[in-house]
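Have a look at the structure below before the remarks.
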Amino acid sequence: MENVLYLKRDETARAATWECDENKRQMRDMILALPDGETLWDTFRHFDRMIAVTMEDQCRQAGIRLVEAAEEPSMDRAAASIVQA
């Protein structure tokens, strides 16, 4: 798995995705519009965090390199990171 990497995003960056990406913001807004939407959104974000934790753990176990993603991940930067390894 030497040519595989996982672009790790911190919690702030993952949360910002739901504000900045139009499609994801629409999904968030639909959830928040539901009865008890805030609770449902909090539950969704909890699962989103747990998915990220699980993916990171599984990558470590599989020997896949974790790379911190910048605010705007670049494929060129990711490719350079693989080559440097």
Working to the nearest 0.5 angstrom, can you tell me the gap between [X] [atom1] and [Y] [atom2]?
X	Y	atom1	atom2	answer
D29	E22	CG	CD	8.5 Å
I31	Q26	CD1	CD	12.5 Å
N23	W18	CG	CH2	10.0 Å

Quick check against the 3.5 Å criterion: does R65 have a side-chain atom that pairs as donor or acceptor with the backbone of L5?
no
Please tell me if the side chains of [X] and [Y] come closer than 4.5 Å, counting only heavy atoms from C-beta onward.
X	Y	value
R49	F44	no
L34	W41	no
T17	R9	yes
M50	V53	yes
K8	V67	no

Give a yes or no on whether a salt bridge exists between E19 and R25, defined as a side-chain N under 4.0 angstrom from a carboxylate O.
no
Check R45 with E11, please: is the shortest side-chain N to carboxylate O separation under 4.0 Å?
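Salt bridge flag = yes for R45 with E11.
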Of all heavy-atom pairs linking M55 and Y6, the shortest is CE-CE1, 3.3 Å
Kindly give the heavy-atom pair with the smallest separation between L66 and C59, and that separation in Å.
CD2-CB, 3.8 Å
Checking T39 against D36: is there a side-chain donor and acceptor pair closer than 3.5 Å?
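The criterion, which ignores hydrogens and geometry beyond distance, is satisfied for T39 and D36.
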Please check if the number of heavy atoms outside M27 that lie under 6.0 Å from its CE is greater than 12.
yes
